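As the structure is a computational prediction, the values presented were derived from the model and not from experiment. Here, residue 1 is the first one in the sequence, and each next residue gets the next number.
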Amino acid sequence: MNKLMKKTVAIALAASFTLSGCSQETMAKTQTSMPEPQTASSFTDREQIEYNYAYSLGVQATVYGWAPVMMDVALELQTSVDAPINNGQAPLNELGPITRLWDYRDRSYTTPNNDTLYLQMWGDLEEQPIVLTVPEVTDNRYWMAQIIDMYTEAVVDLSNATVGNDGGDFVLAKKGYEGELPEGLPVYYSDTRYIWMAGRLGVENLADEAAAREVQKQFRLTKLSDYPNTVPQPEPKESAGAPTVNFPAGLEWFDRLDKVLAENPLEKDKELVDTFAYIGIGNGGTENLSEARKAALKAAFADGFAIVRDAAVHTGVPVNGWNWEFDAGRYGTDYLLRAAVNMNSIGLNSPERAMYPKRYVDSNGEMLNGENGYTITFPADMAINTHLGGFWTVTMYDAQDRFMVENEIDRYKVGSMTEDLIYNEDGSLTVFIGHDKPTDEKHLANWLPAPNDDFMLQIRMYEPKEEVVKGEFVLPEMHKVEK
């Protein structure tokens with residue numbers, strides 16, 4: 001694998017691990033040792049045919065399995081502790097809180113938000129269901145517990161929009177469970193043994209962070225055999241630093257796919273997955289494969305990655321320079337879309353709960369750079385369901401690594417809950433973006449500081465209105481200011 005591809009692998013994989021604790025530096029070290037794909041030039045005619053078929057299946061398997069392998073790696077990483085930690089790690093079937101808003105100091109995963117406290121959980125439903133207890137959420141605070149299976153399909157999005165703010169107990173079970181269930185409780189079924197919950201609690205400002213933390217503490221998780229004897233979350237341990245991850249590549253990646261498919265089989269995909277037996281999946285792994293098939297899989301992984309990476313760069317719907325993703329969490333048999341979306345952001349929310357348009361270029365198609373100044377005027381009505389706790393923000397990230405950027409006023413985002421902004425007479429908001437501190441009063445009040453380098457912006461629209469989800473809402477263009 002050439003140096004350019006290795007760098008692309010490192011950046012793309014680092015970008016993938018939303019809430020998985022994977023840094024670009026870690027991924028770069030991991031990917032440096034990726035094996036070079038072997039050629040088939042020394043094979044006999046029969047071996048060449050074997051190679052060709054294995055290569056074809058290997059590319060298909062790479063596309064099909066990208067999301068579940070990423071999920072499996074994240075599961076291992078996040079549960080490799082003996083007690084909950086305040087960076088979100090926790091053992092299986094326990095809640096892992098992230099106890100403060102993240103900012104430029106936090107570089108465990110790319111494009112984290114500066115809007116919510118996270119609460120996550122990896123659950124194992126093989127032996128029995130688990131019960132999630134949600135507290136009453138008052139003061140019109142945004143909250144959501146997004147639950148997905150190992151193929152990143154949505155199991156349920158619990159939120160003020162779907163179940164209200166009164167709280168309650170919710171059963172999470174594996175499809176096919178036939179045991180007794182508590183009477184009167186809603187039950188949500190996963191197609192897979194393992195599930196991931198990514199919970200979020202909106203935070204209005206730094207002063208509100210402590211109140212949000214108190215709500216976060218009240219969520220509980222209980223094995224069905226222990227219910228209704230729920231117990232409070234333990235106080236999490238302090239994080240000693242970002243966890244590290246070794247993302248598999250080459251033959252190791254296919255063996256990891258073999259593992260995750262065996263643990264989380266999908267009946268609806270059985271006919272496709274059964275064809276992968278030729279390359280060892282569901283058939284003893286890659287260890288006993290012929291040299292021709294092994295060589296084919298190494299090449300297939302490199303080319304499969306390139307296919308997914310290309311789709312990840314071009315996925316979504318571009319409008320006015322903003323790139324929208326409307327199909328997250330509902331992929332069906334569109335395995336390439338599933339792989340591409342999860343390469344960008346693993347476990348992306350369902351669009352009904354949140355939308356994440358992003359941009360790298362200005363209205364002229366030129367890369368955004370902090371040496372320039374820019375303006376963007378957001379309409380008075382940003383099509384958010386505020387009665388459901390919804391709000392919106394636009395957050396600054398450096399373009400290369402997609403981390404928040406340290407700045408002299410400690411402002412990482414601007415949005416509907418930002419204090420002391422100066423609005424236009426019609427209620428619209430003009431945000432001023434650039435590295436240099438503005439001298440004009442209004443420009444300074446509405447300033448989103450940028451690095452003195454390339455940057456990207458990501459908007460978060462929590463609880464968007466129907467016209468956003470349908471693609472009928474258009475965000476404004478972003479214009480360079482002439483100096």
Q | Set of residues satisfying side-chain contact (heavy atoms from CB on, under 4.5 Å) with respect to Asp72, sequence neighbours excluded | A | Met150, Arg256, Lys259, Val260, Glu263
Q | For Asn86, side-chain contact (heavy atoms from CB on, under 4.5 Å) partners two or more places apart | A | Thr99, Pro236, Glu238, Ser239
Q) Applying ring-ring contact (aromatic ring centres under 6.0 Å, His included), which residue pairs with at least one partner in residues 332-354 are found, sequence neighbours left out? A) Tyr64-Tyr335
Q: Would you list the pairs meeting ring-ring contact (aromatic ring centres under 6.0 Å, His included) in which at least one residue belongs to residues 450-476, sequence neighbours left out?
A: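 Found Tyr142-Tyr462, Tyr374-Phe455, Phe391-Tyr462.
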Tell me which donor-acceptor pairs under 3.5 Å the side chains of residues 379-388 have, and how far apart each pair is, sequence neighbours excluded?
| from | atom 1 | to | atom 2 | distance (Å) |
| --- | --- | --- | --- | --- |
| Asp381 | OD1 | Ala383 | N | 2.9 |
| Asn385 | ND2 | Pro464 | O | 3.3 |

Q) Would you call the rings of Phe301 and Phe254 parallel, tilted or perpendicular, where under 30° means parallel and over 60° means perpendicular? A) perpendicular
Partners meeting ring-ring contact (aromatic ring centres under 6.0 Å, His included) with [X] (sequence neighbours left out):
| X | answer |
| --- | --- |
| Tyr331 | none |
| Phe219 | none |
| Tyr412 | none |
| Phe326 | Trp324 |

**Q.** Side-chain heavy-atom pair Pro232, Lys217 within 4.5 angstrom cut-off
**A.**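 Contact flag for Pro232/Lys217 side chains = no.
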(Q) By the salt bridge (Lys or Arg N to Asp or Glu O under 4.0 Å) test, which pairs, at least two apart or in different chains, include something from residues 353-365? (A) Arg353-Glu463, Arg359-Glu477
Q.
Once salt bridge (Lys or Arg N to Asp or Glu O under 4.0 Å) is applied, what residue pairs with a partner in residues 139-161 remain, sequence neighbours excluded?
A. Arg141-Asp208
Spell out, as yes or no, whether a donor-acceptor pair under 3.5 Å connects the side chain of [X] to the backbone of [Y].
| X | Y | answer |
| --- | --- | --- |
| Lys413 | Thr393 | no |
| Asp103 | Leu101 | no |
| Asn424 | Gly427 | no |
| Trp253 | Lys298 | no |
| Trp102 | Thr111 | no |

Q | Test log, rule side-chain hydrogen bond (donor to acceptor under 3.5 Å, both in side chains), inputs Gln89 and Asn87 | A | CA-CA 6 Å; Gln89 289 181 288; Asn87 66 2; 3.1 Å; yes
Q: Would you please name every residue forming a side chain to side chain donor-acceptor pair (under 3.5 Å) with Thr62, sequence neighbours left out?
A: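 Here no residue qualifies.
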Q) Would Thr430 and Asn446 count as a side-chain hydrogen bond (donor to acceptor under 3.5 Å, both in side chains) if you check the C-alpha gap in whole Å, the side-chain angles of each, and the deciding distance to 0.1 Å? A) CA-CA 7 Å; Thr430 301; Asn446 297 353; over 6 Å; no
